Enquirer: 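Once you've had a glance at the structure underneath, I'll fire off some questions.
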Amino acid sequence: MTTQPPLIRIERVTKRFGDFTAVNQIDLDIRQGEFFALLGASGCGKTTLLRMLGGFETPTEGRILIDGVDVSTVPPYERPVNMMFQSYALFPHMTVEQNIAFGLQQDKMPKGQIAERVKAMLDMVQMSQYAKRKPAQLSGGQKQRVALARSLAKQPKVLLLDEPLGALDKKLREQTQLELVNIQEKVGITFIMVTHDQEEAMTMACRVGIMKEGRIAQIGTPFEVYETPNSRFVGDFIGNANMIAGAVTGGEGADWTIASSDLGCTITAHHEEPLPNGSDVTVMVRPEKMSIGRQPVAGAINTVSGRITDIAYLGDMSIYHVKLAGGARLQVSQANLRHGIGGRLEHDEEVSISWHPGDSVVLLA
Amino acid sequence: MSARGTLKQKVGRFLVALPPYGWLVVFFLLPFLIVLKISLSELQAAIPPYKAIFAWAEDGILQLRLNFGNYSYLFSDELYALAYLNSLKVAAISTALTLLIGYPMAYTIARSPARYRNPLLMLVVLPFWTSLLIRVYSWMGILKNEGLLNSFLMWLGIIDSPIQIMETNTAVYIGIVYSYLPYMILPLYATLEKMDLTLLEAAADLGCPPFKAFLKITLPLSMPGVIAGTLLVFIPAVGEFVIPDLLGGPDTLMIGKVIWAEFFDNRDWPVASAVAVAILILLVVPIMLYQRNESRAEAK
């Protein structure tokens, strides 16, 4: 598996606009057939990186290889890459059919073959009955499908997607997410998507690259970046997290004792690598990894108590905001498994929170 | 409130619509009706130099005397048909030249960095601050045999004797193209400037090199501007009088000059009016085409 060279190799790529460094020395390999998501807040450089892959920007330093060929300075019209634009960029004076055929005509494909391919593409995105329409006569979701069909028509080695679902409303977005993944699996083309929506990245991508200030903060599967973030930034960025600051006071095997001034007590956390005594660390615990109740859980290693200040009822689950005696605040989420009213925790109730040392992550950065 | 609105609203709407309609009636419709009336009257050597078309007959009956002779006269002398055709030819060539020169200019301005666009547009419009007449006279200074252009070319040694440009059709073309260029550039700029440039990125992404993308994407999308600019130049160029009169020669036959000659040289107001009405009808077709294009663009 690992012997296969990556389809895309980004080597120490830097892009500067004047004094501003949009992308800073990024190294990244993407394998054939992967669905990769670049995730980050706006201005983190993810779109610039995507545009360099598409050929719309040239790297200031470093190089980009696609299938072993250096394409850093190859213009977009000569790259084996297609892009789906955030605004879709459908040609307003052409019909749906003509839009999809446009790229194929540039390749001088015979007319009959073009017609066949266009038909197949329209079938794939279920837009056959709209073939003769102009983009202005389509809804947002339909435009998105046409844009996808147009960018896939040339069967590129890589498809770049810039916020592909950004312009759709929430319901349609969720539906389209899975559809896109299905299409990706069917065509087997490598997808690289840029998004600021972590849920979208987690749902769709095999691997996620989280970007911050022009650099990649962490790369991993959705599971890895959520369960084992490598920094406070990633832990905070993906999902909700309780960040508990503390200092290491001792350890036994992989279990470390950490004195937390936030909580006013010592807690135990699991960490494979050795931690020097006295070093400052952050212990991250996800809200759903904690349990909350009126009584402390018997035998729990980490237990703190506090008072509920807020309850966000989301239907399937509730998020409890708990203020501890020392003033620190924790978030705990719990599935609303039972229909009962009596057992529900109420505002201002004194509660006990506990979690397993193995469910916490020790962060050094 | 009813769908039709209250009486007060109706009066309000009427008052708002009154000034523009009033303006058109007073300054366009009435003068046109007067010209139309003169064109249907008979010539007489008096002041005014035409007979009234309404007259009281002896027994108190109002007579309406219409003389279509002025119109049939336009067909009898081939001068008029030639002048019409020549006007159309001059206007068409001038418009084509204006488009060829104006499109690259509009394109360059529209694609310049945003902070340069307004100053550049200002430069396009700047000549309007000077009277057309003065600008056309300046061209006479440039184009005449002992003018700037000929002196310069002779100084360079490219020519030995002056080229005759003044009082030729070439001078008329130069004058019209120069004077009407802003009318071509402005609508072209407006359509090119609002074009979504990601469309060109999309075209490049799909394998289309820049020049081909211009032909396939930019040019078709700028057609509304091309049509608007073409009509804005073509329609007034057909009836142009000042430029052919000052820069053109005796063989420059244009309908504007014919009207002038009928009015002031021949003092034949009825025929002059008939020519004027005919040219208006000739121009109504392009104007209607233009308006249809506009309303179609709005409907989109």
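Remember, it's a predicted structure, so these values are computed and weren't measured experimentally. To find a chain, count down the sequence lines: A is the first, B the second, and so on, and within it residues start at 1. Hydrogens, waters and symmetry mates play no part in the numbers below; they use all other heavy atoms, side chains included.
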Enquirer: Quick check: under 4.5 Å, non-hydrogen atoms only, which of residues 95-127 of chain B neighbour chain A?
Expert: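 Contacts with chain A: none.
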Enquirer: So which residues of residues 197-211 of chain B are in contact with chain A at a heavy-atom cut-off of under 4.5 Å?
Expert: Thr198(B), Leu199(B), Glu201(B), Ala202(B), Ala203(B), Ala204(B), Asp205(B), Leu206(B), Gly207(B), Cys208(B), Pro209(B), Pro210(B)
Enquirer: For Phe241(B), does the CZ atom sit with more than 12 other heavy atoms under 6.0 Å from it, leaving out its own atoms?
Expert: yes
Enquirer: Step by step, work out the side-chain contact (heavy atoms from CB on, under 4.5 Å) result for Ile217(B) and Phe102(A).
Expert: CA-CA 11 Å; Ile217(B) 311 293; Phe102(A) 187 85; 4.0 Å; yes
Enquirer: Is the shortest heavy-atom distance from the side chain of Gln106(A) to the side chain of Lys212(B) under 4.5 Å?
Expert: yes
Enquirer: Between chain B and each of Met84(A), Gln105(A), Arg150(A), count heavy-atom pairs under 4.5 Å; write down the option with the most.
Expert: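 Max contact count across the listed options: Arg150(A).
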Enquirer: Is there a side-chain contact between Lys216(B) and Phe91(A) in this structure, where contact means two heavy atoms from C-beta onward sitting under 4.5 Å apart?
Expert: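 They are not in side-chain contact.
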Enquirer: Using a cut-off of under 4.5 Å on heavy-atom pairs, state which of Gly54(A), Pro75(A), Ala153(A), Pro92(A) scores highest against chain B.
Expert: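 Among the listed options, the one with the most contacts to chain B is Pro92(A).
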Enquirer: Can you tell which part of Phe56(A) gets under 4.5 Å to a heavy atom of chain B, answering side chain, backbone, both or neither?
Expert: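 Side chain only.
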Enquirer: Can you pull the ring-ring contact (aromatic ring centres under 6.0 Å, His included) pairs that have at least one residue in residues 182-203 of chain B, sequence neighbours excluded?
Expert: Phe128(B)-Tyr183(B), Tyr180(B)-Tyr183(B)
Enquirer: Please identify each residue that fulfils side-chain contact (heavy atoms from CB on, under 4.5 Å) with Gln98(A), with sequence neighbours left out.
Expert: Met94(A), Thr95(A)
Enquirer: What part of Leu160(A) gets closer than 4.5 Å to chain B, counting heavy atoms only: side chain, backbone, both or neither?
Expert: neither
